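Just so you know, these numbers come straight off a predicted model, no measurement behind them.
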Amino acid sequence: MKTVRVAAAVICDSVKEKHKIFAVARGYGEFKDLWEFPGGKVEAGETQEEALIREIKEELELDINNLNYLTTVKYDYPNFHLTMHCFICEICGGKLSLNAHNDVKWVSLEELPHQNWIPADVQVVEEILNKYNN
């Protein structure tokens with residue numbers, strides 16, 4: 001089975017406080033309109049962090065910083081195996097533009113489990129709640 005390696009951003013309103021998490025609704029494909037953490041494929045020669053900075057710039061026209069590793073999710077979809085490296089981060093610049101998504105919203109930690117997440121992202125939500133929901 002083909003393996004797809006991606007990096008995903010768990011963008012927080014504040015890396016220190018983590019009151020709200022940024023979610024995007026997929027704008028295409030099988031999971032159109034489901035919520036996910038933004039990001040994309042890690043290209044040959046890129047670090048996970050470099051790929052994530054590039055993907056967020058391409059998809060959302062935002063700049064991110066303060067990347068801190070959160071977790072790696074491994075998930076089997078029917079046609080491929082996903083390995084998703086997730087990083088907590090913050091927005092540090094740019095102007096939001098939805099180039100690959102239908103919608104965005106800030107979600108509180110309490111609201112996270114109640115969103116209609118893409119299957120692999122459910123594991124990321126669980127990890128966020130285990131680490132940061134006091």
How many angstroms lie between [atom1] in [X] and [atom2] in [Y], if you round to the nearest 0.5 Å?
X	Y	atom1	atom2	result
L60	K95	CG	NZ	14.5 Å
L112	W35	CG	CH2	12.0 Å
L67	I53	CG	CD1	5.0 Å
D63	C89	CG	SG	11.0 Å
L62	S97	CG	OG	9.0 Å
I64	E90	CD1	CD	10.5 Å

Salt bridge (Lys or Arg N to Asp or Glu O under 4.0 Å): which pairs involve residues 97-114, sequence neighbours left out? none

Do [X] and [Y] have side chains that approach each other closer than 4.5 Å (heavy atoms only, starting at C-beta)?
X	Y	value
H85	T72	yes
N102	K32	yes
L129	P113	yes
Q115	D121	no
I21	W106	no
E36	H101	yes

Do [X] and [Y] belong together in a cluster built from hydrophobic side chains that touch within less than 4.5 Å?
X	Y	result
L82	V125	yes
I118	I128	yes
L109	V122	yes
V107	F31	yes
I56	M84	no

What donor-acceptor contacts under 3.5 angstrom involve side-chain atoms of residues 2-13, with partners at least two apart or in another chain?
residue, atom, partner, partner atom, Å
D13, OD1, H19, N, 3.0
D13, OD1, K20, N, 3.0
D13, OD2, K20, N, 3.4

Between E58 and R54, does any side-chain N to carboxylate O distance fall below 4.0 Å? yes

In sequence, state the C-alpha distance, the side-chain angles, and the governing distance for Y132 and I88, and then conclude on side-chain contact (heavy atoms from CB on, under 4.5 Å). CA-CA 11 Å; Y132 303 113; I88 298 280; 3.9 Å; yes

Taking it one step at a time, do V124 and Y75 satisfy side-chain contact (heavy atoms from CB on, under 4.5 Å)? CA-CA 11 Å; V124 182; Y75 190 88; over 6 Å; no

With no hydrogens and no angle check, just 3.5 Å: does a side-chain donor-acceptor pair link N99 and E59?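 Looking only at side-chain atoms, E59 and N99 do not form any donor-acceptor pair under 3.5 Å.
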
Please walk me through it: do K131 and L70 pass side-chain contact (heavy atoms from CB on, under 4.5 Å)? CA-CA 9 Å; K131 285 194 174 184; L70 173 66; 3.7 Å; yes

Check for me whether the distance between the ring centres of F87 and F37 falls short of 6.0 Å. no

Minimum heavy-atom separation for T47 and V42, please, with both atom names. O-CG1, 4.1 Å

